[in-house]
2 protein chains.
Amino acid sequence: MAPENLQTLLDFFKVLSDETRLKLLGLLAQRECSVEEMAALLHLKAPTISHHLAKLKSLNLVLLNPEGNTHLYRLNSEQLQLLSRDLLSSEQLKTLAQSVQPEAWETTVLKAFVENDRILSIPAARKKRFVLLKWLVQKIEPDRDYSEKEINAILKQHHEDCATLRRELIGYQLMSRKDGTYRRLPPTEWLQEAGNFN
Amino acid sequence: MAPENLQTLLDFFKVLSDETRLKLLGLLAQRECSVEEMAALLHLKAPTISHHLAKLKSLNLVLLNPEGNTHLYRLNSEQLQLLSRDLLSSEQLKTLAQSVQPEAWETTVLKAFVENDRILSIPAARKKRFVLLKWLVQKIEPDRDYSEKEINAILKQHHEDCATLRRELIGYQLMSRKDGTYRRLPPTEWLQEAGNFN
DNA sequence: CAGTTGATTAGATACTTATCTAATTAGAAT
DNA sequence: ATTCTAATTAGATAAGTATCTAATCAACTG
């Protein structure tokens, strides 16, 4: 569903992103015109007009009424309204990105900061740190309590500075601490985005 | 007023008529992203993303929120709605053609069919015939009655077949006949377009 | 202060496409 | 039938632009 939507939108904008074609639409909104007439009015040659009309036809934006030898074109207003209405509603918009796989970015980050399950360094950038911490928290089992000592032991396997990591896991709300016991939070309770808590 | 409108519309469509930029909008509609992140997600290099962001910025479609070194972009939804709403209403559309001078076409037709005030031949195409007849009717004074003989005399100065011309002037409603007297109609009563009365 | 990271700018390349001329098609008029 | 007219199609050219690499800029890190 998503890619077709993207393609539809793209085709629409591509067709309308040309000065000559916009002028043609304006012209045909006022009256029906022959190809020759449009060419004269826009100071272009007839084949050029045919070229543009073909693009407008591909979206059904013009209607042809042949009269003898001459082709009289007019605007298909209904189709124009149909296409231009709600094209960029926020719901529509979000579908445009459905073709991108979100893991691409996180993979890149992890490749840069992790090697053989060891953290090479802790990213400074907030978003990257969040990616790393989401990877790290998976090393901790869900649905059970940990003492600080246990947490430290696990974190140490991946990086020296377990204190910073522990603090960050809490700060980014990937882990909770209550009465000195730690617990991994389920992904459903994670922040959508890395919150700016610093 | 008209050309600015055309340019605005054109700029808008040009910016949105690119697959990568549409995907960026979709992405930024969901969450804020850094340039690096967008590059990774779309499998492009950072400079390419910068290039596209510059175009989106030119329309104020994205907002920048610098966080340390990284530039976090997000969608400017209000601006997008503003731009996309009513862009192609029929009133707007008609202004798009305001830069074309309507006489260009008629001049071309007259040049092809008239020489030294003589009609070389009567165009077969309805629209061209209308152009010629509008030129011809100006040879007849307004606000006075003519007998058929007088009309014929005038028309004969421009073409042999005055009977056809006389009939056509009536048919296209450029001239009226009542009780055998003829009278030129004011332009305000002309048909907007050459009616299909054959 | 030097080094690093993320973003932008400059410049080169390749792809797309608007426009033209020439050739073809379709239909009407003579 | 032949000619003429209007439109389209084919093919060539030139202008615009998306993308890349390399270089520069800005801001943080150590």
Side-chain angles (χ1 to χ4, degrees), chain A residues 10-11 13-24 32-40 42-58 62 64-73 105 108-109 112-113 120-129 131 161 164 198, chain B residues 10-11 13-24 32-40 42-58 62 64-73 105 108-109 112-113 120-129 131 161 164 198:
Chain A
L10 188 56
D11 291 343
F13 286 128
K14 269 190 191 300
V15 166
L16 294 186
S17 65
D18 178 272
E19 180 168 359
T20 299
R21 286 195 285 273
L22 285 184
K23 284 182 181 170
L24 284 177
E32 67 178 9
C33 286
S34 70
V35 174
E36 250 196 352
E37 182 174 358
M38 295 183 255
L42 299 184
H43 307 290
L44 294 168
K45 304 298 175 184
T48 304
I49 302 297
S50 274
H51 165 75
H52 290 301
L53 286 173
K55 303 228 165 189
L56 293 175
K57 273 185 241 178
S58 75
V62 292
L64 169 57
N65 160 248
E67 178 179 299
N69 214 2
T70 94
H71 290 190
L72 292 177
Y73 285 94
W105 158 244
T108 307
V109 173
F113 287 92
L120 303 173
S121 70
I122 302 176
R126 177 171 59 88
K127 291 200 71 159
K128 290 187 175 183
R129 211 167 345 154
V131 170
D161 190 356
T164 296
N198 293 317
Chain B
L10 187 56
D11 291 342
F13 286 128
K14 269 190 192 301
V15 166
L16 293 187
S17 66
D18 178 271
E19 180 168 0
T20 299
R21 286 195 284 274
L22 286 183
K23 284 182 181 171
L24 284 178
E32 67 178 7
C33 285
S34 70
V35 174
E36 249 195 352
E37 183 174 357
M38 294 184 254
L42 298 185
H43 307 290
L44 293 168
K45 305 298 176 184
T48 305
I49 303 297
S50 274
H51 165 74
H52 290 302
L53 286 173
K55 303 227 165 191
L56 294 174
K57 274 186 242 178
S58 76
V62 292
L64 169 56
N65 159 248
E67 178 178 301
N69 213 4
T70 93
H71 289 191
L72 293 178
Y73 285 93
W105 158 244
T108 307
V109 173
F113 288 92
L120 302 173
S121 70
I122 301 176
R126 177 169 59 88
K127 292 201 70 161
K128 291 186 175 184
R129 210 168 342 153
V131 170
D161 189 356
T164 296
N198 294 316

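Proteins get letters first, then strands, A, B, ... in listed order; numbering begins at 1 in each. If you're wondering where the values come from, they're calculated on a predicted model, not measured in any experiment.
- Atom NZ in A/K45 sits roughly 15 Å away from atom P in D/dA6 (whole-Å rounding).
- Side chain of A/S58 to main chain of A/K55: a donor-acceptor pair is present (N/O by atom type, distance under 3.5 Å, no hydrogens or angles).
- When distances are taken from the side chain of A/K128 to each of C/dG6, C/dA29, D/dT29, the shortest belongs to C/dG6.
- Ranked by how close their nearest DNA chain D nucleotide is to the 5' end, B/A125 and B/A46 are led by B/A125.
- The shortest distance between the side-chain N/O atoms of A/K57 and the OP1/OP2 oxygens of D/dT8 is below 4.0 Å.
- For the pair A/R21 (side chain) and A/L56 (backbone), a donor-acceptor distance under 3.5 Å is absent.
- The side chain of A/P47 has C/dT21 as its nearest neighbour among D/dA22, C/dT21, D/dA7.
- Considering only side-chain N and O atoms, A/K14 lies nowhere under 4.0 angstrom from the phosphate OP1 or OP2 of C/dT16.
- Among the heavy atoms of the strands lying under 4.0 Å from B/T48 is at least one base atom, whether or not backbone atoms are also near.
- Taking only side-chain atoms of B/L53, from C-beta outward, the nucleotide of C/dT8, D/dT29, C/dA7 with the closest atom is C/dT8.
- Between the C1' atom of C/dT19 and the CG atom of A/L42 lies a distance of 13 Å, rounded to the nearest Å.
- The pair A/E67-B/R129 fails the salt-bridge criterion, with no side-chain N (NZ, NE, NH1 or NH2) lying under 4.0 Å from an Asp/Glu carboxylate O.
- Protein atom NE2 of B/H71 is 8 Å distant from nucleotide atom C1' of C/dT8, rounded to whole Å.
- To the nearest angstrom, P of C/dA28 lies 14 Å from CZ of B/R126.
- Once rounded to the nearest 0.5 Å, the distance linking CD1 of A/I49 with CD of A/E37 reads 11.0 Å.
- The pair A/E36-B/K128 meets the salt-bridge criterion, with a side-chain N (NZ, NE, NH1 or NH2) lying under 4.0 Å from an Asp/Glu carboxylate O.
- Both A/F113 and B/A54 sit near DNA chain C, but only A/F113 has its closest nucleotide nearer the 5' end.
- For B/N69 and B/R21, each mapped to the nucleotide of DNA chain D holding its nearest heavy atom, the one lying further toward the 5' end belongs to B/R21.
- Under the 4.5 Å side-chain criterion, counting only non-hydrogen atoms from C-beta, B/L72 is in contact with A/K127.
- The side chain of B/Y73 contributes an N or O atom lying less than 4.0 Å from OP1 or OP2 of C/dT8.
- Atom CD of A/E36 and atom C1' of D/dC4 are 12 Å apart (whole Å).
- Nucleotide D/dT29 holds its P atom 15 Å from the CG atom of A/D161, rounded to whole Å.
- The side chain of B/K55 approaches D/dT17 more closely than any other nucleotide in the set C/dA7, D/dA7, D/dT17.
- You'll find that the side chain of A/L44 is closest to C/dT19, out of D/dT8, C/dG6, C/dT19.
- Across the protein-nucleic acid pair, B/N65 atom CG and C/dG6 atom P stand 17 Å apart, rounded to whole Å.
- For B/H52 and C/dA7, the NE2 to P distance is 16 Å, given to the nearest whole Å.
- Base engagement by B/H51 is indicated by at least one non-hydrogen atom pair under 4.0 Å involving a base atom.
- In terms of phosphate contacts, A/T20 brings a side-chain nitrogen or oxygen within less than 4.0 Å of OP1 or OP2 of C/dT19.
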